[in-house]
Student: 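A single structure is presented below for examination.
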Amino acid sequence: MTRRTAAAEPTAEQIAEHKIYRQMGLSDDEYALICRLLGRKPNYTETGVFSVMWSEHCAYKNSKPVLKKFPVSGPRVLVGPGEGAGVVDIGDGMGVCFKIESHNHPSAIEPYQGAATGVGGILRDIFSMGARPVALLNSLRFGTLDSPRARYLFENVVAGIAGYGNCVGIPTVGGEIMFDPSYEGNPLVNVMCVGLIDHRLIQKGRAEGVGNAVFYVGPATGRDGIHGATFASGELTAESESQRPAVQVGDPFMEKLVMEACLELIESGIVVGIQDMGAAGLTCSSSEMASKAGNGMELNLDLVPQREPDMTPYEMMLSESQERMLFVVRPEHEEQAKAIFTKWGVPCVKVGRVTDDGRLKLFHRGELAADIPVAALVDNCPVYRRTPKVPEYYAKNAGVDTARYPEVTDLAGALEKVLASPTVASKEWVYRQYDHTIRTETAVPPGSDAAVVTIRGTRKAVAMTLDGNGRYVYLDPEIGGRIAVAEAARNVVCSGAEPLAVTDNLNFGNPEKPEMFWQLERAAEGIADACRRLGTPVIGGNVSLYNESEAGPIHPTPVIGMVGLVRDVDHITTQPFKREGDVVILLGETKAELGGSEFQFVIHGVTEGRPPQIDLDQEKTLQDALLEAIRSGWIASAHDLSEGGLAVALAECCITGGLGAEVALETDLRPDIALFSESQSRVILSVRPEHAEEVLRHFRAKGVPAAGIGTVKGTNLAVRINGNLAIDVPVERLTRVWKDAIPCRMR
Amino acid sequence: MRFAVIVFPGSNGDIDCYKAVEDAIGQPVDYVWHTATDLSDYDAILIPGGFSYGDYLRCGAIARFAPVMDAVRRAADEGKFVLGICNGFQVLTEARLLPGALIRNRTLKFICQLADIKVENNRTPFTLDYEEGEILRIPIAHGEGCYYCDEAKLARLKAENRIVFRYVHENPNGSIDDIAGICNERGNVLGLMPHPERAVHKWLGSDDGRRMFTSMLRAYEARRREVTV
Amino acid sequence: MKAIVYVTIKANVLDPQGNAVREALHALGFGEVGRVRIGKFMELELNTDDRAQAEARVREMCEKLLANTVIEDYRFELEG
Amino acid sequence: MKAIVYVTIKANVLDPQGNAVREALHALGFGEVGRVRIGKFMELELNTDDRAQAEARVREMCEKLLANTVIEDYRFELEG
Ligand SMILES: Nc1ncnc2c1ncn2[C@@H]1O[C@H](COP(=O)(O)OP(=O)(O)O)[C@@H](O)[C@H]1O
Ligand SMILES: [Mg+2]
């Protein structure tokens with residue numbers, strides 16, 4: 001049997017002659033380099049191992065130069081990029097650990113399992129650092145809901161996220177969703193996990209200590225998702241349909257047991273190094289752990305638990321079976337480690353040992369199946385500096401004047417249309433399927449700006465959000481990148497927290513195309529700028545390229561995950577208006593900026609022009625002043641302005657508060673533009689009347705434009721512009737429009 | 001008064017139950033592993049929410065055979081308080097400590113939201129501190145919370161005043177007769193889908209669940225007084 | 001030997017899943033579909049050659065674990 | 001006419017349900033149970049008498065909705 005399967009594999013010569021490595025995603029040059037590094041031609045297993053380690057997903061070969069732009073350090077950073085997840089200090093010996101991950105391609109093909117295993121993967125990234133996961137978030141992009149395919153993907157992606165997260169018992173507290181035709185052929189599924197960690201327990205995935213034992217944890221390895229990593233690094237084509245077995249099935253119950261057992265193991269203090277098996281499974285975890293310690297590793301593949309008979313070394317090394325981990329302990333701790341996993345009913349087997357020769361050696365049925373220098377796998381992948389090219393559409397958009405659209409005079413009608421747009425509409429249909437109350441620490445559940453999770457035994461809390469508007473980035477990647485960061489930070493501040501750090505997911509098209517690379521590079525520039533200015537280093541992230549389908553590339557979509565610290569739970573602030581009589585204050589300045597707006601998309605059916613401008617200094621001033629005001633206890637509600645502009649933000653404050661408002665605006669802008677422009681650095685506050693003067697003075701003194709624009713009052717949202725009644729609609733009606741939009745489309 | 005929180009593989013509401021006992025009534029509480037066989041140290045047994053054994057096959061179907069369940073049955077027979085919440089309720093029905101079954105929500109979707117439930121019977125040890133007819137806001141979070149039993153059983157539940165909570169305003173999962181929680185004949189075993197342990201602080205959205213814990217404490221103390229008198 | 005166990009929800013218990021599938025089929029243009037019932041089936045490999053004994057054992061598995069007779073009916077077949 | 005559709009998870013795909021049931025059966029003393037696979041079956045009533053047509057239609061239903069051929073296999077029988 002062995003002979004047969006081994007014989008079925010091409011020989012090293014055949015691989016070279018028939019260029020079989022190409023099917024695995026390696027280029028001719030890369031293959032030649034591998035031969036040089038090995039001093040011989042690689043066999044089939046070795047070629048496979050190189051192909052996954054040198055995929056974009058694992059090696060970042062196209063994105064490394066771009067990622068270098070990000071600021072990664074700061075006084076609070078305990079662990080930056082490079083480990084499973086980053087960690088920032090929040091005082092008292094505690095840290096917050098978080099990371100984002102994409103599962104776009106698997107979700108396009110099997111949405112339920114694709115999304116579910118995405119959640120599983122990001123959870124393992126967090127608990128393998130030694131952190132206890134406390135919250136999940138997700139950022140989703142689909143085609144518009146008129147498309148049955150988009151509805152199918154949306155329905156099942158949400159169900160998959162719910163199915164996995166709910167079962168493991170980690171609340172899903174927030175996220176964001178946008179619908180746009182550019183995602184029709186290639187949906188985006190990004191998931192983020194946030195954990196809390198004791199500084200002393202922070203793990204580094206290092207295989208230290210020659211002679212130490214290497215343990216495999218979790219369910220048996222099957223032929224799941226072989227070549228998942230290379231799959232995630234290629235474009236979606238009709239052919240990927242035939243790669244179907246590349247999708248894995250998740251077992252959240254097993255994940256919960258693995259998580260508890262690993263956290264217990266880490267707490268026991270005996271772990272030398274631990275890492276999850278994510279993309280490229282056993283290959284990636286073993287070689288990375290060895291590489292970080294400057295060691296080698298020997299694995300006896302016969303000892304690897306196998307779900308099916310006659311698995312080859314190639315299959316075992318490339319399998320992406322879920323819920324598996326690798327860890328290293330000293331020989332004297334082997335029994336203690338095993339006992340912990342036995343208690344939790346999780347398989348745990350010693351499969352190898354740490355060596356001093358810097359090589360990854362795989363033994364199978366008495367033979368040496370692979371022998372590769374670890375450094376060749378981890379460090380020697382070529383890095384490509386792609387050439388950017390400004391796309392034609394960019395120049396063309398410069399000439400579009402969005403202020404010259406025909407004026408929309410039925411403003412109430414326009415508001416209802418924008419509120420009913422699934423991108424703006426209530427996401428309750430989604431988050432009602434997510435358990436967001438489990439763990440009883442969720443102080444602000446989905447439905448406000450950032451979510452807030454409290455930390456038991458302290459007065460602190462952690463705020464978190466995901467943001468990223470692909471339309472802005474498409475129109476101007478650099479500005480779009482800045483806005484993504486600024487908006488995330490603004491959301492965090494609105495909830496009463498100080499922004500700490502960022503994790504980012506760069507969802508872009510094929511970087512080998514110069515226009516796509518231009519988008520990537522410019523956006524990274526913008527993100528880097530904003531992170532620097534706002535003092536929020538990037539402590540980790542993920543890159544998902546080749547997001548293209550036959551219909552073309554997606555809008556370039558960097559998604560920013562931001563975490564902030566609430567110093568005292570009394571500072572927690574939410575978006576709903578709180579009581580009749582409170583004064584409504586608008587911070588920031590409204591300009592004629594409809595480019596990339598939801599209004600432009602819904603009413604005019606296009607995405608064109610330039611996105612809103614952003615001045616990062618002004619943004620920073622606004623955020624600092626707002627946080628100070630919140631901490632002073634003056635602010636009853638705060639809501640940042642994003643998709644749909646002022647009109648939508650006011651409506652949301654009313655709807656979620658169940659209260660009306662009377663608002664009067666004085667403006668030089670055309671009314672439809674004043675209401676729906678998506679100018680940045682704006683926030684709506686409500687404050688008690690007795691605080692209003694003080695609050696306005698506070699902001700003006702800091703240089704933040706601030707205007708009292710109305711009062712929380714009655715049951716209608718009534719907006720006057722320059723004295724004329726522009727909108728006067730019962731909040732109840734707006735509520736229905738906003739709440740029913742998604743459920744109605746999904747029926 | 002000593003509380004046990006049973007932990008099955010896949011339980012995840014165990015921590016919330018533990019915290020709720022601490023925060024609402026400050027009584028001693030322990031996690032008890034599914035392999036335990038003796039619960040004689042405890043006065044009340046909490047069977048928490050979660051996905052015991054992954055809830056594969058049917059919710060609660062596998063957990064009902066865990067070694068600890070014999071001890072739970074004994075505790076129930078001895079008149080100790082047994083409270084099954086969500087998955088705990090499912091376990092109790094599978095174990096036949098409570099009648100009926102919980103099947104998939106009518107919408108076929110998991111539902112997490114605040115539910116309004118009415119206290120139908122405030123003479124159980126779990127509901128003493130509520131008013132009869134009072135409406136509580138308690139979170140629900142389940143995919144299979146649709147209570148079902150046959151006509152005869154339902155008639156009996158009604159006749160014996162064993163429907164302890166009903167959903168009002170909206171029946172979120174399609175439960176027969178809007179049932180949210182029921183008790184056994186003696187009234188010392190309660191199962192409910194809503195999560196009182198997740199409603200113990202105003203900042204969580206509601207603290208209406210607190211009084212379930214204060215009720216248990218008061219019932220326990222009253223009973224002890226009776227015994228000593 | 002192999003046992004195949006079929007578990008269906010009892011006729012008088014609401015089966016929202018069956019209805020949902022029917023609706024979805026109608027929406028896709030399969031108007032000819034009437035009632036839809038959904039059940040589970042389980043294939044169990046059994047290390048035994050004794051048919052009579054297997055029959056008794058599988059019945060016991062069903063009664064104890066595989067079906068909840070409050071809401072479900074079951075039947076099974078033995079093969080091989 | 002009636003169609004009975006059987007949907008099982010593909011042989012090489014993980015079946016967490018099946019594993020959990022096997023473990024539970026072992027714990028209950030049914031040591032003779034080997035591999036367990038769990039699937040769904042669906043009974044569809046069809047308003048048609050044309051067998052050949054029904055066959056084609058049911059196949060289409062399976063491909064489109066009833067099975068996810070990425071991870072599941074299906075087969076079906078027609079009755080009546
Ligand atoms: N995929 C999702 N999962 C969970 N919550 C979501 C999701 N999408 C949106 N939400 C929640 O809905 C609310 C509104 O989202 P959004 O309009 O994106 O807010 P904002 O514009 O302030 O970022 C937020 O509380 C958000 O967390
Ligand atoms: Mg916001």
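Order of the sequence lines sets the chain letters (A, B, ...), proteins ahead of strands, with each chain counted from 1.
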Student: So C:Asn12 and B:Tyr148, do their side chains get closer than 4.5 Å, heavy atoms only?
Tutor: yes
Student: Nearest heavy-atom pair of C:Leu65 and B:Ala61: which atoms, and what distance?
Tutor: CD1-O, 3.6 Å
Student: Is the CD atom of B:Glu151 crowded by more than 12 outside heavy atoms at less than 6.0 Å?
Tutor: no
Student: If you count heavy-atom pairs within less than 4.5 Å of chain C, which of B:Cys149, B:Ala101, B:Pro99, B:Cys146 leads?
Tutor: B:Ala101
Student: Taking side chain as everything from C-beta outward and backbone as N, CA, C, O, which of these in B:Leu57 sits under 4.5 Å from a heavy atom of chain C? Side chain, backbone, both or neither.
Tutor: both
Student: Nearest 0.5 Å, what's the CD1-CG distance between B:Ile176 and C:Leu14?
Tutor: 9.5 Å
Student: Please give me the minimum heavy-atom distance between C:Pro16 and B:Leu108, naming the atom from each residue.
Tutor: O-CD1, 3.8 Å
Student: So what's closer than 4.5 Å to chain C heavy atoms on B:Ile103: side chain, backbone, both or neither?
Tutor: side chain
Student: With a 4.5 Å heavy-atom cut-off, do B:Lys153 and C:Val70 have their side chains touching?
Tutor: no
Student: Under a 4.5 Å cut-off applied to non-hydrogen side-chain atoms, are C:Asn68 and B:Arg96 in contact?
Tutor: yes
Student: Taking side chain as everything from C-beta outward and backbone as N, CA, C, O, which of these in B:Asn105 sits under 4.5 Å from a heavy atom of chain C? Side chain, backbone, both or neither.
Tutor: backbone
Student: In terms of heavy-atom proximity below 4.5 Å to chain B, should C:Lys10 be classed as side chain, backbone, both, or neither?
Tutor: neither
Student: Does some side-chain heavy atom of C:Lys40 sit less than 4.5 Å from a side-chain heavy atom of B:Arg58?
Tutor: yes
